[in-house]
2 protein chains.
Amino acid sequence: MTMTNDLMTIRQMCDAFDVTPRTLRFYEAKELLFPQRDGTRRLFTRSDRARLKLILRGKRFGFSLEDIRQILDLYDRDGSNHAQTLRTYDLARQRLAQMEAQRAELDEAITELKAELDAGEAMIAGLRRAAE
Amino acid sequence: MTMTNDLMTIRQMCDAFDVTPRTLRFYEAKELLFPQRDGTRRLFTRSDRARLKLILRGKRFGFSLEDIRQILDLYDRDGSNHAQTLRTYDLARQRLAQMEAQRAELDEAITELKAELDAGEAMIAGLRRAAE
DNA sequence: CGTTACATTTACGTTAACGTCAAGCACTCT
DNA sequence: AGAGTGCTTGACGTTAACGTAAATGTAACG
């Protein structure tokens with residue numbers, strides 16, 4: 001357990017991760033990050049950086065912050081609990097299913113919209129009818 | 001010509017299109033629909049139904065109500081104006097580009113998430129690191 | 001000591017598309 | 001007349017993930 005003492009200020013974090021100070025404070029308020037304090041100032045640890053990486057990755061996957069917080073909490077409490085590991089997988093699989101459903105809908109909409117554009121008439125005709 | 005009794009109450013509309021009364025009133029407030037009145041009550045015309053169809057279709061395409069209102073307005077004003085027709089196509093093409101970009105991102109996220117699940121270790125390892 | 005440069009907390013603002021009351025009219029049936 | 005049903009108009013509430021502004025602090029520089 002190398003206790004590397006690499007603490008970063010809020011600005012260094014912002015530059016490193018391309019987020020705003022508001023975002024980091026918001027994540028702390030939501031209990032996703034737990035920076036240390038130097039008097040009044042925040043100092044972000046290696047752990048905070050690891051968590052932030054996962055937060056940002058989770059967002060790319062489309063997880064809500066609340067989802068992410070729950071997942072992080074599970075492992076904070078007990079990193080070796082198998083049931084909780086399964087719970088995380090479950091969340092991930094659920095989310096994956098959502099994403100694939102979303103992609104299917106998107107594909108359908110794209111196909112439909114392309115067809116309208118190619119037909120070049122249907123949409124216009126529809127609109128004329130709508131205008132009476 | 002069959003002068004079909006084509007006026008519908010708000011409830012008939014809701015049943016026919018699977019929307020709530022609130023939604024129809026909201027669309028009227030946003031000037032997307034213009035139902036007639038029988039005293040105080042709304043009566044939706046054939047035109048309203050055609051417009052509503054297009055609104056719902058537009059939503060499936062991911063257009064905002066404001067986008068849809070603008071498109072509908074163009075054709076209300078002058079259905080034969082070629083410049084406005086082109087403007088509509090332009091909006092549609094822009095939206096199509098957005099949707100394809102969105103699909104690309106989604107594909108990437110799905111691939112990434114699947115990889116994590118398949119690896120079965122990376123995510124857990126990452127979370128352990130985050131928990132310190 | 002004054003200014004500059006960051007930092008902090010507090011708290012209201014933003015956006016879309018409705019949801020959810022509350023209070024009351026209009027009509028019909030009994 | 002009273003009850004029931006359906007419709008109406010307000011008008012505030014909801015959700016996520018921050019943005020933005022105000023008032024204040026504090027630390028180093030010159």
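In what follows, chains carry the letters A, B, and so on, assigned in the order in which the sequence lines appear, proteins first and then strands, with residues in each chain numbered from 1.
- For the pair B:Asp67 CG and C:dA16 C1', the interatomic distance rounds to 12 Å; values are reported in whole Å.
- For A:Arg37, counting side-chain heavy atoms from C-beta on, the closest listed nucleotide (D:dT8, C:dT9, C:dA17) is C:dT9.
- Nucleotide D:dC18 holds its C1' atom 12 Å from the CZ atom of A:Arg25, rounded to whole Å.
- The existence of a salt bridge linking B:Asp73 and B:Arg69 is confirmed by a sub-4.0 Å separation between a basic side-chain nitrogen and an acidic carboxylate oxygen.
- Out of C:dA26, D:dG19, C:dC18, the shortest distance to the side chain of B:Arg41 is found at C:dA26.
- Rounded to an integer number of Å, the gap from CD of A:Glu66 to P of D:dA17 is 9 Å.
- To the nearest angstrom, P of D:dC18 lies 12 Å from CG of A:Asp18.
- One finds no side-chain N or O of B:Tyr27 lying less than 4.0 angstrom from the OP1 or OP2 phosphate oxygen of C:dA17.
- At whole-Å resolution of the value, CD1 in B:Ile55 and C1' in C:dA17 are 13 Å apart.
- Contact annotation: B:Arg11 reaches the phosphate of D:dC7 (side-chain N/O to OP1 or OP2, under 4.0 Å).
- One can place NZ of B:Lys30 at 10 Å from C1' of C:dT15, the figure rounded to the nearest angstrom.
- Under a 4.0 Å N-O distance rule, the pair B:Glu108/B:Arg103 does not qualify as a salt bridge.
- The shortest distance between the side-chain N/O atoms of B:Thr20 and the OP1/OP2 oxygens of C:dC18 is not below 4.0 Å.
- Take the nearest nucleotide of DNA chain C for A:Arg42 and for B:Thr40: the residue whose nucleotide is more 5' is A:Arg42.
- With DNA chain C read from its 5' end, the first of the two nearest nucleotides for A:Leu43 and B:Leu65 is the one closest to A:Leu43.
- The CG atom of A:Asp38 sits 12 Å away from the P atom of C:dA7 (whole-angstrom rounding).
- Under 4.0 Å is where a charged nitrogen must lie from a carboxylate oxygen, and between A:Arg49 and A:Asp6 at least one such pair does.
- OP1 and OP2 of D:dA16 both lie 4.0 Å or more from every side-chain N or O belonging to A:Arg69.
- Side-chain atoms of A:Arg22 come within donor-acceptor range of the base of D:dT20, with a qualifying N/O pair under 3.5 Å.
- When the side-chain nitrogen and oxygen atoms of A:Thr23 are compared with OP1 and OP2 of D:dA17, none of them lie within a distance under 4.0 Å.
- When distances are taken from the side chain of B:Thr9 to each of C:dT8, D:dC7, D:dC18, the shortest belongs to D:dC7.
- With rounding to whole Å, B:Leu52 atom CG is found 11 Å from C:dC18 atom P.
- Side-chain contact between B:Arg93 and A:Leu117 is present, with heavy atoms from C-beta onward closer than 4.5 Å.
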Salt bridge (Lys or Arg N to Asp or Glu O under 4.0 Å) assessment of B:Glu112 paired with A:Arg60: CA-CA 10 Å; B:Glu112 214 180 320; A:Arg60 285 204 308 279; 3.3 Å; yes
